[in-house]
Amino acid sequence: MANGYFLDHIWLIPLFPAAGALVMLLFGKRLANAFVSAVCVGSVAVSFVYAAGAVWQLLALPAENRYVQTILFDWVPAGWMHNAAGQLMRFNVPWGLMLDPLNSVMVFVVTGVGLLIHIYSIGYMGHEGGYYRFFGYMNLFMFSMLTLILANNMLLMFVGWEGVGLCSYLLIGFYFQKKSAADAGKKAFIVNRIGDAGVLLGMFLTLGVLGTINFHEIAPAIAAGHFEVGAPVMTAIALLLFVGATGKSAQIPLYVWLPDAMEGPTPVSALIHAATMVTAGVYMVARMNAVFQLSPIAMGVVAVTGAATAIFAASMGLVQNDIKRVLAYSTISQLGYMFLALGVGAFTAGIFHLMTHAFFKALLFLGSGSVIHAMSGEQDMRKMGALWSKIPTTAKTFFVATLAIAGIPPLAGFFSKDAILGSAFERSPILWVVGWITAGMTAFYMFRLVNMTFFGKSRVSNEAEHHIHESPASMTIPLTVLAVLSIIGGWIGWPASLGGSDRFAKFLSPVIAHYSVELGGAEAAHSNSFEYFLMFASVLIALGGIWLARRWYVNRPEVPDQLATRWSGAYRLLYNKYYVDQIYDALFVNRTKDLGTALGAFDRNVIDGVGVNGAGLLTRVISRISMWGDKWIVDGLVNLSARIVWIFSWPVRLIQTGVVSGYALMIVLGLIALLGYYLHLVRLPVR
Amino acid sequence: MSVFLHMLVNWFALHFGFLRDNHDLNMVKPQLMLAFFGIAILLTDFLIEPGQKYFNAIFALMGVGFSGTILYQLGRKIGAEGVQDAYSSTVLIDHFSIFFCMLFLAVTALIILLSIRYLQIEEENHGEFYALMLFATIGMMFMVEGLDLIVQFIGLETMAISFYIMVGFLRRERRSNEAALKYLLLGAFSSGILVYGFSLLYGLSASTNLQDIANAVFHRPPTNPLVLLALVTVAAGLFFKIAAVPFHQWAPDVYEGAPTVTTAYLSVASSAASFALLLRLFQTVFWPVREHWVGLLGVVAVASMTVGNLAAITQTNIKRMLAYSSISHVGYILLGLVAAGSGPNGNQNGLTGIAFYIFAYAFMNLGAFAVVIILRRKGLIGDELEDLNGLIHRSPMAAVLLLIFMLSLAGIPPTAGFLGKYYIFLSLLQTNHYYLAIFAALYVVPALYYYFRVVVHAFLKESTDPVKVTLNPWQTLALTVSGFVVLAAGIYPEPFIKLANYSLFLPFGPLGR
Amino acid sequence: MLSITHYLVLSLALFTIGVIGVVTRRNVIIILMSIELILNAVNINLVAFSRLFGDTAGQVFAIFIITDAAAEAAVGLGIMIAFFRNRETVLADEMDLLKW
Amino acid sequence: MEFYHSHILSIVLLTPLVGALLMLFVPRSWDNFHRIWGNLWAFAGIAVALPLIWWFQPHSSQRYQFTESMDWIPSIGAKYTLGIDGISMLLVMLTVVLGFISILSAWNAIQPRKKEFYLLFLILQTGMLGVFMSLDFFLFYVFWEITLVPMYFLIGIWGSERRLYAAIKFFLYTLAGSVLMLLAILGMYFKFHDMTGTYTFDIQTLTTGTTLFPLVLQKWIFWGLFFAFAIKVPMFPFHTWLPDAHTEAPTAGSVILAGVLLKMGAYGFLRFSIPMLPAAARSAAPLIVVLSLIGIVYGALVCMMQKDMKKLIAYSSVSHMGFVTLGLFAFTPMGISGSVLQQINHGISTGALFLIVGVLYERRHTRLISEFGGLSTPMPSFAAIYMIITLSSLGLPLLNGFIGEFTILRGVFEVNKMWAVWGVLGIVLGAAYLLWLYQRVMFGQVTNPANTNLSDLNLREYVTLIPLVLWAFWIGLYPKPYFTILEQPVKQIVEQVNPDYYKKPVAPVGAQLPSGTQAPASAATH
Amino acid sequence: MLFDKIAFYFFGGLAVISAILVVTRRNAVHSAIFLVTALLATAGIFLQLHAEFLFIVQVILYVGGIMVLFVFVIMLVNLDVAIRQIQFNRMWLVALLLTVALGAQVYMVFHYAHTGMKEPLFTLPARPASALEPNTERIGLALFSDYMLPFEIASILLLVAMIGAVVMAKRKV
């Protein structure tokens, strides 16, 4: 391969953080913090350099050849199998990495944002115990995420997929001494596992149907298999994979873990729960677009789920008071946007939004982290206010990000959101309306957040007041960089209608399957004027949201409370997140535990009781009759042996009287029995 | 006293050459030897100081030794010259009888070894006991060698009466008295039933010779009522001796009450001899009507296993537990006979199985009792499960051997008991007795449970008894020998299987229906 | 005409009575006597058959059975005396140390 | 060397036994001697087995390698025949390694009666190795039963409160199965004789006949064998001995019980039930699969509510071993090879989990989950290792569990998609109970004052745990050697039970890119 | 022939009646006396069957020997107490019925054997009485030729019985 040094060495990209993680987890305890920072941030930096180099070199290739693959070794050569056609084939999954336009975007974002967040963490985590552990986990996360992205096949992607889940678990539970943190970590892992089950099954089905799980071979295999649009099996694969995506990317119905995940340190929220990991689901759906596009049903499901999640999460975000939780719901909502995009066939728009969202949402989280840092750990917005002048850099960058997420042109969010809404409208106006309202809500709650935090009257407690300080440079520099990116990040996707060239969409185009039948119509031509109208509408509603937030949270702060009292039902519903957690607990979690309890009892009493314990069936029958059956079997042989004596003894005891005549009589009886046994034989010859 | 004279003559004849060629005498020389030493013990007992009563045992051992030597030569002889009969065909010296006689002698020797100290402790250390043992052995040997109802009957009675006395040998012990009296009353009663059957057999054939009777039975219609009546009564009499359900009830009481050495001897030798007799009769006289007794034996066997196993579970007295366990073993052996009698030509594996089983059973049961015997000391009978507590600390060797015996009794490889069960199961399967086989196999489970209660006490319970268990050399020897045989027959069973196969007494050729 | 069956039935009657004695009486001595009756019944059988066949074996067998009866009686009574010395009873159902 | 090469199996088999026998001659009061001696011989067990790794030829045309045969009981046709294929090779290695580790783990835990402990353990070791090496059914049965006695004592002497109950329950359960197995073996033996006129227990010879048995006969024999193996595995309704035995056994006993003894059941299915009685196996497969699935889900659910750590892990064994039988009875190469791999994995993960409980038990003398909490603070290294093992047990990729479960489920999916769906459910639940356990033990504040000053792992504990962790990573990262070893034997088994499997046309190679799934030309050689 | 019949029924009836009395008498001495009667009656049957030697043996050995032993023992144990005790055990009625049932069963067997079979058993005419003549000599010959071995074993049997009686009955060691 002579594609260039970096392209030939893409396998090194995940390896640097892996090495960093290994060093940390094995020897970290004895290392100085400075060394830890150097190794971990350094490894990510090197990764970033390699990633950037690789992307650069990929761009240098002609558009149709932008695909490189490196196979390191045979990983799971599990022997022979049948494919769906009943043919014999060898199952052999290699440890193979690849780079193409789709994941080059991802790898760039991940290493880039990841690097910034690592740098930020140096400052943010500087005073925490378990510094090495934190960085070790972070590096491990980078490794997993990069494996996920760079994997050339589904199984290896699944490695990353589970790996990031694990790191998420470990990092959410970083403060493991806090029960809520540990609970949240567990919840995240288990909910994700449910999704993973879908991925696993989807993978099996893909392998069976297409005979391959190599991403690059899927499209040719589909072509070779002559699958019709709407083939049920494709729908099945798509939906199974989408289950996984809903888990990882926090979509309905598996989004519940993400708000709780805010228990983790803020850089973790920024990196994992905003910028990178949660987008894995989006990435996977985009990656498997060849399959999804064959299934209108699945696409519909994706779109509707996305739209529903978007508005649902946004509505919950309206009333939250925890600064990170607002952002968490915002993330869910934005992920919903991305799925909406994917579902309507606008894969490039989805990925585009993924990228811009990574920039501004990472920025928002880091900013909020900076705020929290300044507030000595306070996260409740009701105890903030008027911080603008006290932490100016944070505030300004935060404001930029807020504008970006609100979709104010020409910031990054505007372009990506606009692309999505445009595509959605073409698919279905209803989806557009939902997205449009969500946009308004987004603008509202984000500005509610900004207003409550940085403007208005200070509600900061006195002791916290003293400590308020701007964060160190290691934290503000990443903020600034991200702010810049939040501004300019969207420009590479400057739409044609505004005089741009849609460079981003063209770049991604080779990885998107193009079937002759028009499915989403996302990329279909449409008139510029109509597009202008849509843009105008979305900017308008964003401004409306901003105005409302300003009016309610700066000018007339009593209004929200009045509203909350007047609409107390709705308020409580929103505030309590529609009681979904409670419903899940009641329906699934507790029922599972109950089932476990019941089965445990069943196991002890029934299964163990049947034909076992030396006494067998007789024991059980007798024990049933004799009321104290339960105690009987549970107490087991120890007590049983005494009782067995009683049970078995009676027939024997009855006859074993010790009296000779009795024994003699028994002999007589035996004789009678034996003779009786033969008397029928004796009778036989007597005609 | 005629036999005494006879024997004296023979003794000299052996050494002085004349009468050496008396065929009949040559054939019963092993028994003669035993009788000689038995009587010698009776005579010399008066001369032996109370402290040196073990000389009696040595005499007895010598007798057994000589007898065994002669028996071995006899075996060589029939190996070379073929099966031989003697005394007008009233005895038959064949492989079958050689095998069993050897087994009796071995068992007797081991019991003698175990008795020495036991009788000392019981303060009943009389020469009579050893003499009775030798006489009982004579009886047993004639039981298996007998080819004539009268010889068999007299042999059986000689054995039985010796045992009545040995059971009651502890005259001042109430349990011993009671056991002896019970055993005698029931034994005599069952002998009456047996001999009633014998009388009918005689009535069927006008002969007491087994071959003649077999011929007569063969030529009668298969459902001849008298044959069946004879079968029932003879079977009942023998079932009593081997303690098969429902004729088993004496066994637990007698086992418990008798001196432990007698119990051991009774459970091993008496059972084996009665089994030999039963086999001999069922393979000759009743062979033609085997289709009738197969089912009967199956029922009795299952009943024996059921009662034996279930009752044994609850026992706290080891001797009693072993009594019930031996009842269940009887069930297994009878199953072997069921298999042996099934099918057009019978099943040879069944017979091998019986021989191997009896052989194994002799040593493993003897070993188990031996452990109880060594526990006996002044003030402790040692037959309760609690008495075994912590045996592993008090005498590791005895405990380990006890484990081996228990495993063997339960039929766990690699011990002799397993091979016995192996053959029984195999033969049952081969003769399509699937349900019997499953029954028999599953009964191993409760059996293991009660055998392991013993193990639990010996290994897992803490000892409440500070006294160390000591073994005298005789006991050690007996224990080691039984342990060795049980283990050897499990690990390398080939020679033992050969031995069992050697012993096969195939039903008379022309009679196989 | 007397047939062999007459003797068999007579013998059976004695046998049954003997068995009745064994299973119903409490006195050990009488139980022993009943056993003698049983053996006696067997002897009738044997001698009758012997007469039927004109064969001596039956009578020889009967002699041995008498011998055995004598031996059993001697030993039985001996044991009973020992028992009586210890327990002051001859009743069978008072032998109940050993049971179950 | 020549001798060594040709008798290596006997040497591996007898090494522990020799150690045990020599121990007999040393007085029991020399406690330390016995301890060291036992460890030495267990280690020697590994050492003598090591050459197998190099000498074993995965692509050999012989089905069994290193075969040794000697007349043992010619009268009944039983021979002392040893030999291993890839499957037994892996299990033998697992046995020697876990054997040593568990013996080492008992260094302090076993205080009284050391001589007996090491003696019994070494005998147990021989028994287990014999089970995996025997190529003679009779020999197999003997070894199978030999394992019972030492295990009984291990539980009965050194167990916790209800040890007597657990020990005898273990023994009786297993025995009930194995006597039926004996009948089944005998059935095969004499029916084979009826067919061919020879009495033999040789597995390879028998197989040539048993596969031709009529279906009814095969079924009888199959179900006879089934109970023995199902109880040992243990499969769903026969599992209740396991929680008791595991809970009451000392750490070393639990490790070896979970790690190796359970594998004997699966091995039995693999070596006997399936290849020897293919028709019956096919007819029974749906039922067994359903039982396995019930076991997977059921075990996991019951785990949720356990209060005792060991009991929880015991039930998790039920769940994990459900995967093993599930894979076996899919009759696909991936199902079976995954299943074998999963056996190894379960040995590693669950063995390690028991060691971990043992570590805690040695410090606190309790296994109740509620007694712990927040242990990450006093015991960070322990926490890390425990975490890795938990992850390995719940099937996280890059650790061993995943490879096994994935391969199994993939193999099962091929046969019936719903089976795989239920299996996947088990994986989800697995994460739930294991993480919950971890959380309750390790996370949170240290609430129980007794836990505040617990010492972290000591060197010996590291030595027992680290090899397992490394092994877990090895299988997770580079399982190729295992699959290579398994390919031949698995193929032979599948060809027997599912003869059409390899006769299908090979998927066209040209359509595939050089990576990913592909069918090399060698596939056409059947 | 008629004499035979009369003798058979007389002795047979006497034997049965005496036997019944043996098992029903309260006093053991009475039982013993009736046992003597029964045995004597049996001896009469033997005589009627032309078994003169056995007749003598029965009278001398049984009646003379064994019965004396019985009476000795009865005298030895405390008779007064024994007589006042209940003579039948608790289940005597059941036992009686069962035993009768057994007898009936066996009788049925004889019945079938006698009438049911195509070739009834034992209907062969008895061999002439002279076949066993001279009785004593023939038995003597048989005992010392064909049955010499059991004869010798019987001596051991008696030896055993002797030891037994001595060991059991002697007062001290």
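Scope of the values below: all heavy atoms of this structure, side chains included, with no hydrogens, waters or symmetry mates. Letters A, B, ... are given to chains in the order of the sequence lines, protein chains preceding strands, and every chain is numbered from 1. If you're wondering where the values come from, they're calculated on a predicted model, not measured in any experiment.
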Side chains of [X] and [Y], heavy atoms from C-beta outward: is any pair under 4.5 Å?
X: Glu178(B); Y: Arg87(C); value: yes
X: Leu46(C); Y: Phe198(B); value: no
X: Tyr164(B); Y: Glu72(C); value: yes
X: Leu186(B); Y: Val22(C); value: no
X: Phe15(C); Y: Ile193(B); value: yes

*asked:* Using every non-hydrogen atom in the two residues, find where Gly192(B) and Val42(C) come nearest and quote the distance to one decimal.
replied: O-CG2, 3.9 Å

*Search all heavy atoms of Asn86(C) against all heavy atoms of Arg174(B) and return the closest pair with its distance.*
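Closest approach of Asn86(C) to Arg174(B), heavy atoms only: CB-CG, 4.0 Å.
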
*Considering only heavy atoms and a distance below 4.5 Å, find which of Asn43(C), Val19(C), Val60(C), Thr67(C) pairs most often with chain B.*
Val19(C)

With a 4.5 angstrom heavy-atom cut-off, which part of [X] approaches chain B: side chain, backbone, both or neither?
X: Ser50(C); answer: both
X: Leu39(C); answer: side chain
X: Val75(C); answer: both

To the nearest 0.5 angstrom, please state how far the [atom1] atom of [X] sits from the [atom2] atom of [Y].
X: Ser207(B); Y: Phe53(C); atom1: OG; atom2: CZ; value: 10.0 Å
X: Ile79(C); Y: Leu181(B); atom1: CD1; atom2: CG; value: 6.5 Å
X: Leu185(B); Y: Ser34(C); atom1: CG; atom2: OG; value: 10.0 Å
X: Ile44(C); Y: Ser199(B); atom1: CD1; atom2: OG; value: 10.5 Å
X: Phe49(C); Y: Ser205(B); atom1: CZ; atom2: OG; value: 9.5 Å
X: Arg85(C); Y: Asn177(B); atom1: CZ; atom2: CG; value: 10.0 Å

*Pick out which of Leu32(C), Ile38(C), Ile31(C) makes a side chain to side chain contact (heavy atoms under 4.5 Å, CB included) with Phe189(B).*
Ile38(C)

_Could you check, using the six-membered ring where one of them is a Trp, whether Phe61(C) and Tyr202(B) have ring centers closer than 6.0 angstrom?_
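Ring-ring flag for Phe61(C)/Tyr202(B): false, centres at least 6.0 Å apart.
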
*Which of the residues Gly168(B), Ala188(B), Ala180(B) is involved in the greatest number of heavy-atom pairs with chain C at under 4.5 angstrom?*
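Highest number of pairs under 4.5 Å: Ala188(B).
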
*Is it the side chain or the backbone of Ala160(B) that comes within 4.5 Å of chain C heavy atoms, both, or neither?*
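Neither part.
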
